[in-house]
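Below you'll find the structure, written out as structure tokens, and then a few comments.
Below, chains carry the letters A, B, ... as their sequence lines are ordered, and counting in each starts from 1. Note that these values count all heavy atoms, side chains included, but never hydrogens, waters or copies made by symmetry.
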There are 2 protein chains.
Amino acid sequence: MSEPRWLTDEEQRTWRDFSAAVGMLRAHLETQLQQDAGMPHTYYELLVVLSEAPGQVMRMSDLAIATRSSRSRLSHAIARMEANGWVRREACETDKRGAFAHLTQAGLEALEAAAPGHVEAVRSSLFDPLTPEQIRQLGEISATIIDQLTPRCAAAAAEELERLERDTAGT
Amino acid sequence: MSEPRWLTDEEQRTWRDFSAAVGMLRAHLETQLQQDAGMPHTYYELLVVLSEAPGQVMRMSDLAIATRSSRSRLSHAIARMEANGWVRREACETDKRGAFAHLTQAGLEALEAAAPGHVEAVRSSLFDPLTPEQIRQLGEISATIIDQLTPRCAAAAAEELERLERDTAGT
DNA sequence: TACCCCTAGTTGAGCACTCAACTAAACTCC
DNA sequence: GGAGTTTAGTTGAGTGCTCAACTAGGGGTA
């Protein structure tokens, strides 16, 4: 175990600013959406993805992947959204294990009511203060981070699987 | 109420990538810290700030401000961290309402055990894939967002206050 | 056909957070 | 110096998350 590669003062400053900026942005958007539309940001994202799906229906698994959510989280979320009347669960005929999440009219209306305020919040807190050049840079940076982390998610899943198998082998 | 300023396709792509990148980064760091050190990222931040304070003691309010946390969140967090033995609450002699949070030896050790893994995770997922130029850009962008959102927090607090007063006036 | 493993989705417990309500001490101002 | 207002911090209920355990159906192989 060698000495870790600590952050330089400069890196530390950047990291703390980035952390703070992201934290403030999240908090700002979360509060705006919660107060004005009565939903957390994750539910908003689910409504957006569902509204763009053909027929406004999606299999639970596909919806989980599209929103980078765990199956469990999605299941809980859809349960609550169904209670709100925004979504309807439907059985899958060809695979009896499966389930569809179907956006309802009320769900679409909730999204349409929430969208303008949310978009305005994103625009005014992120896009307005940045120059076009910075926006381009932010896009590049984000894409790079996604590329860096995507294989790592797969690796983590594989490791998880391996650990599980090792545990099971002992019995 | 005029038509909202919707995002262009380009902006939308940038926003979704940024959202995804931040989400993946958060999830990655949260999981790493939770698995390797048994603490959420917010507790790690509290330990860091406390460890850098003179005497490793801070007033609750100051700690809340330094970590951009609500009083309530901090109070709950410190309660749990005290149960873990990482922190000790101490009374303030000069202001009987006040309380100090004092980092314990065990807390410092928990931080020292957690730090290398966390720093390595930050470095490998954020700093390694970015060029020095991009890191500089990210610092600039973050500072701009902070500047944009800081007055807005104050404004939100003022508005909240005003709302409270208006409600109270009615009684 | 029977067996075994894999995949889809749900469930419940536990944790962190928010919000609103609360206690108690300090300040302010007549 | 006493009443009203602020400030410091806590508390409890409700919500969304994670993790692990579970049900149940699909798919392969002998």
Side-chain angles (χ1 to χ4, degrees), chain A residues 23 26-35 38-46 58-65 67-84 87 89-101 156-157 160-161 163-165 167-169, chain B residues 23 26-35 38-46 58-65 67-84 87 89-101 156-157 160-161 163-165 167-169:
Chain A
R26 273 183 64 91
H28 180 63
L29 297 178
E30 192 68 42
T31 303
Q32 182 275 323
L33 217 39
Q34 192 61 251
Q35 293 202 336
M39 68 178 80
H41 188 251
T42 50
Y43 290 15
Y44 179 84
E45 282 185 324
L46 287 172
M58 283 180 81
R59 277 292 289 272
M60 293 290 281
S61 305
D62 296 336
L63 188 51
I65 292 167
T67 57
R68 294 177 311 284
S69 163
S70 70
R71 293 172 189 286
S72 171
R73 172 153 108 209
L74 181 65
S75 196
H76 285 295
I78 292 293
R80 185 157 281 267
M81 290 170 76
E82 189 170 31
N84 288 357
V87 124
R89 271 192 185 86
E90 280 161 10
C92 175
E93 288 309 310
T94 61
D95 184 344
K96 294 279 175 76
R97 297 166 304 178
F100 289 104
E160 171 78 3
L161 194 64
R163 197 177 54 70
L164 267 172
E165 275 165 5
D167 290 356
T168 311
Chain B
R26 272 183 64 90
H28 180 63
L29 296 179
E30 193 68 42
T31 303
Q32 182 274 324
L33 217 40
Q34 192 61 252
Q35 293 202 335
M39 68 177 83
H41 188 250
T42 50
Y43 289 17
Y44 179 86
E45 282 185 323
L46 287 173
M58 281 179 83
R59 277 292 290 272
M60 293 291 280
S61 306
D62 296 336
L63 188 50
I65 292 168
T67 56
R68 294 177 311 283
S69 163
S70 70
R71 291 170 190 288
S72 172
R73 170 154 109 210
L74 181 64
S75 197
H76 284 296
I78 292 294
R80 186 158 280 269
M81 290 171 76
E82 188 170 31
N84 288 357
V87 123
R89 271 193 186 85
E90 281 162 9
C92 174
E93 287 310 308
T94 62
D95 184 344
K96 292 281 175 73
R97 296 167 305 178
F100 288 104
E160 170 77 4
L161 194 64
R163 196 178 55 70
L164 266 173
E165 276 164 4
D167 290 356
T168 311

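- With C/dT10, C/dC6, D/dG16 as the choices, the nucleotide that has an atom nearest any side-chain atom of A/S75 turns out to be C/dT10.
- Which of C/dA16, D/dG16, D/dA24 sits closest to the side chain of A/P40 comes down to D/dG16.
- A residue-by-residue look at A/M60 and B/M39 shows that A/M60 has its nearest nucleotide of DNA chain C further toward the 5' end.
- Of the possible donor and acceptor atoms, one in the side chain of B/E30 sits under 3.5 Å from a partner among the backbone N and O of B/H41.
- Looking at which nucleotide of DNA chain C each of A/F100 and B/D95 is closest to, the 5′-most match is held by A/F100.
- Residue A/R71 contributes atom CZ, which lies 15 Å from atom P of D/dC19 at whole-angstrom precision.
- Here the side chain of B/Y43 is nearest to one of D/dT10, C/dA25, C/dC17, namely C/dC17.
- As rounded to whole Å, 12 Å separates atom C1' of D/dT5 from atom CZ of B/R97.
- We find that NE2 of A/H41 is positioned 16 Å from C1' of D/dC17, with the value rounded to whole Å.
- Counting only heavy atoms from C-beta on, A/H76 has its side chain closest to D/dC19 among C/dA20, C/dA16, D/dC19.
- Spacing between atom CD of B/E93 and atom P of D/dA8 amounts to 18 Å, rounded to whole angstrom units.
- A/T31 has no side-chain polar atom (N or O) that falls below the 4.0 Å cut-off from OP1 or OP2 of C/dT18.
- Rounded to whole Å, the distance from CZ on A/R26 to P on C/dC17 is 11 Å.
- In this structure, A/R59 and A/D95 have side chains that are in contact, with non-hydrogen atoms separated by less than 4.5 Å.
- In this structure, the side chain of A/E82 engages the main chain of A/R89 through a donor-acceptor pair within 3.5 Å.
- Side-chain contact between B/L46 and B/V87 is absent, with no heavy atoms from C-beta onward closer than 4.5 Å.
- In this structure, B/T67 and B/T42 have side chains that are not in contact, with every pair of non-hydrogen atoms separated by 4.5 Å or more.
- Nearest nucleotide to the B/R73 side chain, out of C/dC17, C/dA24, C/dT10: C/dC17.
- In this structure, CG of A/L74 is placed 13 Å from P of C/dA8, rounded to the nearest angstrom.
- The nearest heavy atom of DNA chain D to A/Q34 and to B/A79 marks one nucleotide each, and the one closer to the 5' end goes with B/A79.
- Rounded to an integer number of Å, the gap from A/R89 CZ to C/dA8 P is 16 Å.
- Among the nucleotides D/dA8, C/dT18, C/dG12, the one closest to any side-chain atom of A/S72 is C/dG12.
- Across the protein-nucleic acid pair, B/R59 atom CZ and D/dT10 atom C1' stand 14 Å apart, rounded to whole Å.
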